[in-house]
Structure formats: structure tokens, C-alpha cells
**Student:** 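I'd like to ask you about the structure that follows.
One-based numbering, in listed order, for ligands and for the atoms of each. The residues of the chain are indexed from 1 along the displayed sequence.
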Amino acid sequence: MERAAALDDPRPVLSALIEAGYRVIAPVEQDGAIRYLPAVDPDSLPKGRIDSQTPGSYRLEDGDPERWFDYVVSPESWKAWLYPARRKMWTSTRSEDGLSFERPEAEWTPTAFFGVRPCDLAAIEKQDAILKDGAFADPDYAHRRENALIVVIQCARSAETCFCASMNTGPRAQAGFDIALTELGAEADHRFLVEAGSEAGARVLEGLTEDATEADKDAAHAATNAAAASQIRVMPENVAAGLKARLTAPEWDDVAKRCLNCANCTMACPTCFCSDVQDTSDLTGDLTDRWRVWDSCFNPDFSYIHGGAVRTSSMSRYRQWMTHKLSSWHDQFGASGCVGCGRCIAWCPVGIDIVAEAETLMAQPED
Ligand code: SF4
Ligand code: SF4
């Protein structure tokens, strides 16, 4: 749907969402990072803050005090809300009548995600294909997703770790959002271009905005084009086929010597969706809970199949992760599993950089 308008300040959108009855999850500064948390006060947006993200490092600093959204992706992605790290699947109770099973009640109320970046919207769409629309959909994910309204903040700035432009996932989202805001530059008085992407989004914006001018739209495109042009990391174009052709390259051993197998990259990644199930029972054995918990292909037990793990070396686990993200995800789901958010680069404690590793591997001879 085509509707563009302009606003001087983003807070009325947040207030309108609250007034419309949505629980709003929005960027909040906490513990030295931007986090996505329930926002009851529109003044809690971290205006004037900027993030410095480099391999193995994330720092918040003071930026332009007039700007609202110059930080980019948070350490946590929206999967923490749509697909929580730990979620009870069911409880079983044993009694004289036998076993009974009970699923927990859905606790999810209509929720607005305010501040979704274009790369994270692309990540949500990748998870939708698996957890909502796939052959083994997760009913809890589907319920949360169907009751989530998405407010995108288009990126007018990139961090050093961002490479969404080369993954075609940003810095400007074209569709898939309910509302999108673009913060314009000083020459446009720090106004916001506001676009409704759905009927639900248009309802929230009713009466809130003045019509956008052509100059506002041009300024919005200029802002996101500048963010794209500033990205210093570029994923090699033919990486999907290229990695498959280099599965025995010595570089895999080199990166494996640096990798701690800590699994941080998979926890921070907005598209990783692997999980385990764990049962806990009380001392009588009458009451058992089954939990779904995030798992990682870096965990040695992840590939356990009757009698042992099939990926026993650090090299095989790193290669599995990277080739799945960038190569075999195409075979499974028809697209890359990476959206170029850069979290795995910033949150790797030894600063392993997926783009640099891809470039190095692509420079090796084929097997
Ligand atoms: S692999 Fe890294 S850059 Fe790609 S989506 Fe996951 S965390 Fe982001
Ligand atoms: S690549 Fe980095 S974050 Fe990922 S498991 Fe290895 S050391 Fe941990």
C-alpha cells in the first residue's frame, strides 16, 4: 500500500501504538547496549546514542544529540521475542488414571515491534518460512508472529560490521512492514518519512502525519543510499557455489584454530533457529516438563546420532555453520541464511569475521 507522510518526531508513532492497545517492544539502552524491551514511555528511546561495532567489540557512545536512530542492530535480535531461548512445550502429569499432557496457555498479546531494522525484517521472513510456514512449524512462533505489528526503522547509517547491501536485505526495506520510518538529515530538519505498509499500519497512523513532499522521499532515499555506500564489508557474490567447491581448503583448519566453539555467533544470529528439547521432572517422577531451548551447531553433542557425534572437530563444526549459512541454506530454503547484520562479527570473542573468512576461502584453489 502506498502512503507516505512526514513527522518531526518519532514519539507520536510510539504513543499511537500504545493507545491502539499494542504492547510495544522498542530500543532501550540498558547495561551498555541497545536492547529491545517493553517500552511504556516514548521518552525512553535512546536519542543521541551511536554504536561502534567492530570484530569482537560493541560500544555505545554519544552521537549527534539531534538524531534518534543512529545506532544499528542490537546484540539481541527479535528472535528473542518470537522464538524465546527457553520455552515450555508441555507438562505431563502421572496419576492413577494414567498420563495426562497439558500445553501452556499462549501469553502473547498483540505486540508492536518498534525499531526493526531492514536486515532484521529479512531475518524474520527467513524464520517465518521455517517456523511459521514450513513443514514443521512451531505453533507458538506462528501465534506470536501473526500477532506482531512491525515498525521498521530504515537505516541512515551503517556500522563497520554491516554488509546488508551485498546481501540485498538493506539498508532500505521495500515491503513486509506495517509502518516504516526513515530519519532524514539535518538539511531536512531531522524529519521522518513515515510509510504505511499495511492496513493495520495505516490505521495506527491515521490523523498523525502531514503528507510527505517529494523532497522528503528523495531525502529518505539519499539517506539509505549513503548508508549502503558506506559499507566496507561486501560478501563475495558467488559464495554459495564457491564454498561448496572448497570444502577441503586448508583455510578451514586455520579458522578452526581461532574459533573457541563458544556458540556466541549462533546465539546472536537472527536467522539461526536450531533447538533442542530437554525434560525435567520432579523427585517423584509424576510431573515432567518438556522445554524447547536454543541449541547450536557448535555444541559437540549437536550432531549426536546413535553412538556418537558426526562432527567431532572444531573445523567440521565451523565449516558446517558457515556453509549452511551461506551455501546449503540456498538448497534448503531458496535463499541465503545470512542477512548481513554483522552480529556474528561483533559478538565473536576472538573477532572472526564471516566476510573476511569467505573472501579468504574464495581465494583458495577449488578442491
Ligand atoms: S551469519 Fe552473521 S551476519 Fe549473517 S545473519 Fe547471522 S549474525 Fe548476521
Ligand atoms: S566463530 Fe566466534 S562466536 Fe562463533 S563459535 Fe567460533 S569463537 Fe564463538
**Student:** Mind checking whether Thr266 contacts ligand 2 via backbone (N, CA, C, O), side chain (CB onward), both or neither, at a 4.0 Å heavy-atom cut-off?
**Tutor:**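 The answer is neither; Thr266 stays 4.0 Å or more away.
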**Student:** Could you tell me whether the side chain of Asp51 and the main chain of Gln53 form a donor-acceptor pair under 3.5 Å?
**Tutor:**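 No, Asp51 side chain to Gln53 backbone: no donor-acceptor pair under 3.5 Å.
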**Student:** Just one of Lys47, Arg67, Arg157 clears the salt bridge (Lys or Arg N to Asp or Glu O under 4.0 Å) bar with Glu183, so which one?
**Tutor:**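 Answer after filtering Lys47, Arg67, Arg157: Arg67.
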**Student:** What atoms of ligand 2 come within less than 4.0 Å of a heavy atom belonging to Cys348?
**Tutor:**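 The list of qualifying atoms is 2 (Fe), 3 (S), 7 (S).
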**Student:** Let me check your reading of the structure: within less than 2.8 Å of atom 2 (Fe) of ligand 1, is there an N/O/S atom from Cys344?
**Tutor:**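 Short answer: yes, at least one N, O or S atom is under the cut-off.
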**Student:** Below 4.0 angstrom from a heavy atom of Val339, which ligand 1 atoms are there? Numbered from 1 as shown, please.
**Tutor:**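 Result: 4 (Fe), 5 (S).
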**Student:** Using a strict cut-off of less than 4.0 Å between a Lys/Arg side-chain nitrogen and an Asp/Glu carboxylate oxygen, indicate whether Arg258 and Asp254 qualify as a salt bridge.
**Tutor:**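 Salt bridge between Arg258 and Asp254, a charged N being under 4.0 Å from a carboxylate O: yes.
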**Student:** For ligand 1, is any non-hydrogen atom under 4.0 Å from Trp329's backbone (N, CA, C, O), its side chain (CB onward), both, or neither?
**Tutor:**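 It is neither; nothing of Trp329 touches ligand 1.
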**Student:** Which residue owns the protein heavy atom closest to atom 7 (S) of ligand 2, what's the atom, and how far is it?
**Tutor:**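 I find the closest protein heavy atom is Leu260 N, 3.2 Å.
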**Student:** Decide if the gap between the ring center of Tyr58 and the ring center of Trp347 is smaller than 6.0 angstrom.
**Tutor:**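 Distance test on ring centres: under 6.0 Å, yes.
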**Student:** Can you get from Val28 to Val73 by hopping between Ile, Leu, Val, Met, Phe, Trp and Tyr side chains that sit under 4.5 Å apart?
**Tutor:**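 No.
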**Student:** Would Ala268 count as a contact residue for ligand 1, given that I'm defining contact as a non-hydrogen atom of the residue lying under 4.0 Å from a ligand atom?
**Tutor:**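 Heavy atoms of Ala268 never come under 4.0 Å of ligand 1.
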**Student:** May I ask whether Trp347 has any heavy atom positioned less than 4.0 angstrom from an atom of ligand 1?
**Tutor:**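 It does not, in that no heavy atom of Trp347 comes within the 4.0 Å cut-off of ligand 1.
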**Student:** Looking at side-chain heavy atoms only, is the closest gap between Pro10 and Phe69 below 4.5 Å?
**Tutor:**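 When only atoms from C-beta onward are counted, Phe69 and Pro10 do touch, with a gap below 4.5 Å.
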**Student:** List every atom of ligand 1 that sits less than 4.0 Å from any heavy atom of Cys269, numbering the atoms from 1 in the order shown and giving each element.
**Tutor:**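 In order of number, 5 (S), 6 (Fe), 7 (S).
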**Student:** Do the side chain of Ser327 and the main chain of Ala240 share a donor and acceptor less than 3.5 angstrom apart?
**Tutor:**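 Between the backbone of Ala240 and the side chain of Ser327 there is a qualifying donor-acceptor contact (under 3.5 Å).
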